Protein chains: 2
Amino acid sequence: MPSVTLSDVAREAGVSLATASRAINGSANRTVRPELRERVLAAAAALHYSPDANAQAMARGRTTTIGLIVHDIADPYFSSIAAGVTAAAEQAGLMVTLASTGHDPEREIAFIEVLQSQRARAIVMAGGRTDDEAVNDRLRAALAAYRAGGGAVAMIGQPLFDVDTVVIENAAGAADLAGALHGAGYRRFAALAGPAGHLTARDRMDGFAAGLATHDAALSPEHIVRSAFTRDGGYEGMRQLLESGAAVDVVFAVNDVMAVGAMAAARDAGVAVGTGIGIAGFDDIVTLRDLTPSLTTVRVPLLEVGTAATELTLAEPALEPRIQQVASTVVLRDSTPPRT
Amino acid sequence: MPSVTLSDVAREAGVSLATASRAINGSANRTVRPELRERVLAAAAALHYSPDANAQAMARGRTTTIGLIVHDIADPYFSSIAAGVTAAAEQAGLMVTLASTGHDPEREIAFIEVLQSQRARAIVMAGGRTDDEAVNDRLRAALAAYRAGGGAVAMIGQPLFDVDTVVIENAAGAADLAGALHGAGYRRFAALAGPAGHLTARDRMDGFAAGLATHDAALSPEHIVRSAFTRDGGYEGMRQLLESGAAVDVVFAVNDVMAVGAMAAARDAGVAVGTGIGIAGFDDIVTLRDLTPSLTTVRVPLLEVGTAATELTLAEPALEPRIQQVASTVVLRDSTPPRT
DNA sequence: TTGTACGCGTTATCAT
DNA sequence: ATGATAACGCGTACAA
C-alpha cells in the first residue's frame, strides 16, 4: 500500500530523481557528492524505501533471476543439486526460481517459457532425459527460443541439447564400479536397469557392461531387469530377480534409491544383503550413507555439479557448447563385501 | 536480442497496442472481435512473441512470484516442504523463488528484503527458530515491512511471529510417541535433545516429557544430552550417552536425521538397535523409510505442510493470524520392538 | 468493439 | 556533479 518510490525519496531528500537513483544504486561511476549521498540514503531509510526489482529490470534490461528446472525437488538427487545452484546463485547475487516438473516434459517446456517471460538470465536444467525425440525436439525448440532471447542454458546430465552441459560420468563410473566389484571377487552379475528409454540409466548400464567386459565377465540378458527409476522400481525389480531364481552374487542398481528398494526386497525375501547377495547403487546420496549394510555406490558430487552448472551459465558465452565432466568415484562399502 | 514486443505484434497484426494486449492476455472482459483476436494471436505466434513478465508486473501492479525461504534445501525435511510449495504454487499459476539460507538469520533477513524488492506476492518461511530474541525481532521487523507493502507471509513451525502459521504438532506428537513407547514396554528413557535454544527441539522435548509424565514415567536430566540438530549431532550425542554407561532402554532423538546418527553410533559401539536399545526419531523422512532396523518416528506430512502454507498465503488476508495445525502421528517400527 | 494516451518505477542519455 | 527527460514493455481508463 504505502509503496514508496524513488521519487518520494528524491523529494524527501530535496534532490532530483536522477541523483537519488545514482546515490542509491551506487553504480560504477557514482558521481554524487558525499553530502547529497548521505541525505538521499537517510531519506530512503526514513521512508523505508525498497527498490522495485521489476522496474529496475525493465530499465536496466536485465534481471537478477536464474531458473532451475528439476524433475522432483523432494528427490535427494535434485535437492543436492539445488543446494549447489542456490549457493552459486547467491554468490553471484542472483535469485533462483525453482520449478519441479514431476518428470513431465510438457511442464518442463511450460516452465522454460515462463522463465523466458521473466527474462531470467539463465536456466539450469537437471534430470535424466529419455530417447523420445519428439519431446526432445520440442524441448530443443523451447531452449533455442530462450537462448535467442539472450538467455544462457546449462544442462546437467548428458550432452543432448547442444548447450553447455555438466556431464556426469555415468558410463565411466559404472565401468569402474564393475571393475571394483570384479576385483572384490564377484562373478555373477545382475542389474536393475531402470526404464528402457532413460538415457542416464542406459549410460550407466552400458558402462557397467563395458567394465565387466574388460574383465572377461559379462551380464547375461536374463539378469537385466527393467523397472522404474525409483525406490519402488528397485524393490519390484529385485523381487522379480529373486523370484526368477537367477544365480547371482551381486546386483547393480542404476541409482541409489533403486538400490534401497532392492535391499528392502532382498530382506523381505529373506536374503541377507552383503553376505547373501551384494547390492550396489549409483549417486552416493548423502541421506543414505547410514544404511545397513552401508551401500556400495558411485559417488557423484551433486552439490558441485549444481554450482558448476550455474557458473557455466554465468560465464562468457562461448561459441561452442562447453562440456564439463565431473568425476564420479567408486565407494565400496558393506553391501558388497569382498567375496573370497 | 530480437526482443519482440507487443507493439511489434500489434503492428504485424494491423491493430492497436491496446487491442493486441486485450487479445493476448485475454483478461476477464475480452472485448475483442474473434477475427482480430485471431490475427493478433497469429502475429504473436509468427513473431515468437513472449510477454515480458516484468513489464506486466509493473503495469498490473502485482507479480506472479512467491518466495520460499528454508534453512537448507538439501535437507530432506525442507525439500519435502519445497515439493509441496512448488506444487501448490504451480496450481495457483505462481513461480517460486527459492532461498536456502544455511541456517543464517542474516541471510534470512536479506532474502526477505530481496523478495520484497521483487514484490513477491507471498513468502513461505520454513525452519526451526531459536529463542534469540534479538534476531527474532529483526526478523519480525523485516516481515512487518514486507507485509506493510502488501505481501502475505506464512511460517511453518511454531506460531512465533504473529503471522499465518502452519503449526506442526511437535509437543503432541512427541507426547504420543512417549505414550506409545511406554505402551511397548519401555521404561528407561533417554533423549537426544538438540541444541538448547532450538524451539522445535524444545517443543518436542517438552512434549515427550509430558507424555512420559502421563504414564508416571520420567526422563532424568542426566539422560538428556544436547547436541547439534544434525546427523552428526545425533551420532555424537548417542556416543556420549553410551559412554556414560547410562542404563537406558530407549532413546528419543528429536528428529530423524539425529536418530540416524544415533543408530550409527550405537552400531559402532556394538550395541544392537532394536533388541539392544530402542531408538526413535521425529519427522518420518521418506528417504529414511528403508533403514534397518526401520525407524520408529512421528510422521509429519511435510508435503501437505508445504501446500497448506502456500494456500494460507494465497487466501484472503484475515484480521487475525491464522493458525493451522497439522496432525503428526506415531509410527512404531522395528527400532523399538515391543519390550516384554 | 477499438484506439489514444497515460502511468507503473527505474535507469540512462544528454544538457547544464 | 546535478537535473530534466526519454525510454523500458505493458495494462487500462477514457474517449471515440
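All values derive from a computational prediction rather than experimental measurement. Convention: sequence-line order gives letters A, B, ...; per-chain numbering from 1.
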* Asked: Do Leu94(A) and Leu314(A) have side chains that get closer than 4.5 Å, going by heavy atoms?
  -> yes

* To do: Provide, to the nearest angstrom, the distance between the CG atom belonging to Asn25(B) and the P atom belonging to dC10(D).
  => 11 Å

* Asked: Want to settle it: does Ala55(B) or Leu36(B) sit nearer the 5' end of DNA chain C, counting the closest nucleotide to each?
  -> Leu36(B)

* Output yes when Arg140(B) and Glu133(B) qualify as a salt bridge under the 4.0 Å nitrogen-oxygen rule, no when they do not. => yes

* Asked: Just checking, is any N or O donor in the side chain of Arg119(B) or Ser50(A) under 3.5 Å from an acceptor N or O on the other one?
  -> yes

* Would you indicate, yes or no, if dT11(C) has its OP1 or OP2 atom less than 4.0 angstrom from a side-chain nitrogen or oxygen of Ser21(A)? => yes

* Could you tell me whether Leu17(A) contacts a base, only the sugar-phosphate backbone, or nothing, with contacts defined as non-hydrogen atoms closer than 4.0 Å? => base

* Asked: Within a strict 4.5 Å, meaning less than it, do heavy atoms of the Leu312(B) and Arg322(B) side chains meet?
  -> yes

* **Nucleotide dT11(C), atom C1' - distance to CZ of Arg62(A) in whole Å** => 10 Å

* Asked: Within this structure, what is the CE-to-P distance between Met58(B) and dC8(D), rounded to whole angstrom?
  -> 14 Å

* To do: Please determine if a side-chain N or O atom of Gln56(A) lies less than 4.0 Å away from the OP1 or OP2 oxygen of dT11(C).
  => yes

* Taking only the side-chain heavy atoms of Ala59(B) (C-beta and beyond), determine which of dT10(C), dG11(D), dT2(D) contains the nearest atom. => dG11(D)

* Selected nucleotide, minimal atom distance to Ser16(A) side chain, candidates dA4(D), dC8(C), dT11(C) -> dA4(D)

* Asked: Which of these nucleotides, dG9(D), dT2(D), dG9(C), is closest to any side-chain atom of Thr5(B)?
  -> dG9(D)

* Return the value, rounded to whole Å, for the distance between atom CZ of Arg119(A) and atom P of dT10(C). => 21 Å

* Using only side-chain N and O atoms of Arg60(A), determine if any of them is under 4.0 Å from OP1 or OP2 of dC8(D). => no

* What is the distance from CG of Leu6(A) to C1' of dG9(C), rounded to the nearest Å? -> 8 Å

* Asked: Taking everything shown except Asp162(B) itself, do over 12 heavy atoms lie less than 6.0 Å from its CG?
  -> no

* **Contact under 4.0 Å: Arg33(B) side-chain N or O vs dT2(C) OP1/OP2** => yes

* Length of the line joining Asn54(A):CG and dT10(C):C1', which is rounded to integer Å -> 11 Å

* Please give, in whole Å, the distance from dT5(D) P to Arg22(A) CZ? -> 15 Å

* Asked: Please give, in whole Å, the distance from dA12(C) P to Ile24(A) CD1?
  -> 14 Å

